[in-house]
Visitor: 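Before we start, here is the structure in question, set down as structure tokens.
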Amino acid sequence: MDPTAAAPAAWLSACAAPSALVDADGRVIAANSAFTRRLHLAAGARLADLDPALADASAIAAPIALAAFPGGQLHVHAIDATHLLAQWLDAPANGHAEQRQLQMFADTVAHDLRAPLRSIESFAKLLEDRASEKLDASERMHLSRIRAAATRMSGLLLALGELSRAASAPMQPAEVDISILCEWALAELHDLEPGRSVAVDVQAGLHAIGDERLLRQMLKSLLENAWKFTRNTGDARIDVHGERIGNRLRLVIHDTGSGFDMQYAHKLFQPFQRLHGLDQGAGHGLGLAIAQRIAHRHGGHVTAESTEGQGSTFTVDLPAADD
């Protein structure tokens, strides 16, 4: 990805949080509307206008709290030798208490709804099996749709629980082999659809610092997305590569799938926002939201760029492991 390409605004719009592209001197090159609204800083201004501590933007190693903007922190990460990404992340209200309440609510809803959904699916299957010969084609189709709807709802409840845990599960940071986690995720996807032919290439030796369980979930969500949207393309391919930039790992996942229209990229990481229909492979609309939430918990972010019909590229920023 080249952040200085013709349309940096389109690139920035893929960021769910208020975000800006900044040069090495701390001057804003381009900013999305959320960044301008939240911090009152537009292209041409300097980060130092927010706080003198931001005068040397390239030297910032930790999130910065701004006295004039309580309730969050400014994160600044290197993209390459001459460009930085500045991103504002709001702090959750009431901290851990709210997170625990969200987790309890999601778990309760998931638990209480799964039982009746299992009953619906089981009795629909039982009826289909026992009365199949008495039913006409239309009636069998109705039963099949009931079972499919119950299965989709079960998947949605499972994803809601994963979204909640992505925000509140305790973290155990350690060195994580990102390459192996990607290979495992792709192997699991192939096992689920052994008839599919997808060329995959995962660069070896990619390591980050983070919680292995959460990072595995993040990579699973991103690779499932690539796997789904290469289903109807010829010569399907998924490539995973990365590079270390300073103390950050820049991980890139590229696919040759159907892609999406960048004018809607701001919806990409929002829960339940789908850029494709169910007939195009869209799922419950939570996978990318889960990936972004996990990246944020690691002090990073996920961005995306795409051209319709030519595939998509997701870039993940994570803390790099020591060489």
Visitor: Is the side chain of Ser306 donor-acceptor paired with the backbone N or O of Phe260 at a distance under 3.5 Å, no angle test?
Guide: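 At least one qualifying donor-acceptor pair exists.
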
Visitor: Would you call Phe69 and Trp88 a side-chain contact if the rule is heavy atoms closer than 4.5 Å?
Guide: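 A side-chain contact under 4.5 Å exists here.
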
Visitor: Which residue is it: Val240, Asn225, Val252? I am looking for the one with a side-chain contact (heavy atoms from CB on, under 4.5 Å) to Phe314.
Guide: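 Exactly one candidate clears the test, Asn225.
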
Visitor: Without swapping roles, check the side chain of His254 against the backbone of Ser312 for a donor-acceptor pair under 3.5 Å.
Guide: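 Yes: the side chain of His254 pairs with the backbone of Ser312.
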
Visitor: Are Met218 and Leu318 side-chain neighbours, meaning at least one heavy-atom pair lies under 4.5 Å?
Guide: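 Yes, at least one pair of side-chain atoms sits under 4.5 Å.
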
Visitor: Is there a donor-acceptor pair under 3.5 Å between the side chain of Arg244 and the backbone N or O of His207?
Guide: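 No.
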
Visitor: Nearest 0.5 Å please: distance from the CG atom of Asp239 over to the CD atom of Gln203.
Guide: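 The CG atom of Asp239 sits 10.5 Å away from the CD atom of Gln203.
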
Visitor: For residues 181-190, which side-chain N or O atoms pair as donor and acceptor with protein atoms under 3.5 Å away, sequence neighbours left out?
Guide:
from: Glu188; atom 1: OE2; to: Arg216; atom 2: NH2; distance (Å): 2.9

Visitor: Using side-chain heavy atoms (C-beta onward) and a distance below 4.5 Å, is Lys134 in contact with Glu139?
Guide: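 Not in contact.
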
Visitor: Find the distance between OG1 (Thr230) and CD1 (Ile238) and round it off to the nearest 0.5 Å.
Guide: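 Rounded to the nearest 0.5 Å, the OG1-CD1 separation comes to 4.5 Å.
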
Visitor: Can you give me the closest heavy-atom contact between Ser221 and Ile290, atom names plus distance?
Guide: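 In terms of heavy atoms, the two residues are closest at OG-CG2, 4.1 Å.
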
Visitor: Is any side-chain heavy atom of Asp201 closer than 4.5 Å to a side-chain heavy atom of Arg237?
Guide: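 They are in contact (side-chain heavy atoms under 4.5 Å apart), so the answer is yes.
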
Visitor: More than 12 foreign heavy atoms under 6.0 Å from CG of Asp235: is that the case here?
Guide: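 Open.
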
Visitor: Between CG of Leu251 and OG of Ser179, what distance do you get to the nearest 0.5 Å?
Guide: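 Spacing of CG (Leu251) from OG (Ser179) equals 8.0 Å.
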
Visitor: Side-chain contact, heavy-atom cut-off 4.5 Å: Thr303 with His301?
Guide: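 Yes, close enough: below the 4.5 Å cut-off.
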
Visitor: Work out which heavy atom in Asp211 is nearest to a heavy atom in Gln172; give both atom names and the distance.
Guide: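 Closest approach of Asp211 to Gln172: OD2-N, 2.8 Å.
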
Visitor: With distance as the sole test, does Asp129 use its side chain to make a donor-acceptor pair with the main-chain N or O of Leu126 at under 3.5 Å?
Guide: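 Checking the backbone N and O of Leu126 against the side chain of Asp129, no donor-acceptor pair under 3.5 Å is found.
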
Visitor: When rounded to the nearest 0.5 angstrom, what distance separates CD1 in Ile64 from CG in Leu50?
Guide: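 The CG atom of Leu50 is 11.0 Å from CD1 of Ile64, to the nearest 0.5 Å.
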
Visitor: Does CZ belonging to Arg196 count more than 12 external heavy atoms closer than 6.0 Å?
Guide: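 Result for CZ/Arg196: enclosed.
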
Visitor: CZ of Arg130 to CG of Leu135: how many Å apart, nearest 0.5 Å?
Guide: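 So the CZ of Arg130 and the CG of Leu135 are separated by 13.5 Å.
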
Visitor: When you measure from the side chain of Gln292 to the backbone N and O of Val302, does any donor-acceptor pair fall under 3.5 Å?
Guide: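 Indeed, once roles are kept as given, a pair shorter than 3.5 Å links the two residues.
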
Visitor: Give, for atom CG of Leu74 and atom OG of Ser19, the distance between the pair rounded to the nearest 0.5 Å.
Guide: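 Answer for the CG-OG pair, Leu74 versus Ser19, is 9.5 Å.
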
Visitor: If we ignore hydrogens and angles and just use 3.5 Å, is the side chain of Arg140 paired with the main-chain N or O of His142 as donor and acceptor?
Guide: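 No; zero donor-acceptor contacts below 3.5 Å.
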
Visitor: Considering non-hydrogen atoms only, spot the tightest contact between Leu206 and His241 and give its length.
Guide: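 Of all heavy-atom pairs spanning Leu206 and His241, the closest is CD1-C, 4.1 Å.
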
Visitor: Using a 4.5 Å cut-off on heavy atoms from C-beta on, say whether the side chain of Leu215 contacts that of Ile178.
Guide: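 Yes. Closest side-chain heavy atoms under 4.5 Å.
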
Visitor: Considering non-hydrogen atoms only, spot the tightest contact between Ile294 and Leu214 and give its length.
Guide: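 That would be CD1-O, 3.2 Å.
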
Visitor: Keeping the roles fixed (side chain from Asp25, backbone from Arg27), state whether a donor-acceptor pair exists under 3.5 Å.
Guide: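 Checking the backbone N and O of Arg27 against the side chain of Asp25, no donor-acceptor pair under 3.5 Å is found.
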
Visitor: Which pair of heavy atoms, one from Thr233 and one from Thr256, lies closest together, and at what distance?
Guide: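 So the two residues come closest at OG1-O, 3.6 Å.
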
Visitor: Side chains of Pro18 and Arg37: does their closest heavy-atom pair fall under 4.5 Å?
Guide: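 No, every pair of side-chain atoms sits at 4.5 Å or beyond.
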
Visitor: Would you say Ile180 ends up clustered with Leu249 if hydrophobic residues are merged whenever their side chains have heavy atoms under 4.5 Å apart, either directly or through other cluster members?
Guide: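 Same cluster: Leu249 reaches Ile180 through Ile, Leu, Val, Met, Phe, Trp or Tyr contacts under 4.5 Å.
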
Visitor: Is the shortest heavy-atom distance from the side chain of Val28 to the side chain of Asp23 under 4.5 Å?
Guide: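 Val28 does not reach Asp23 side chain to side chain.
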
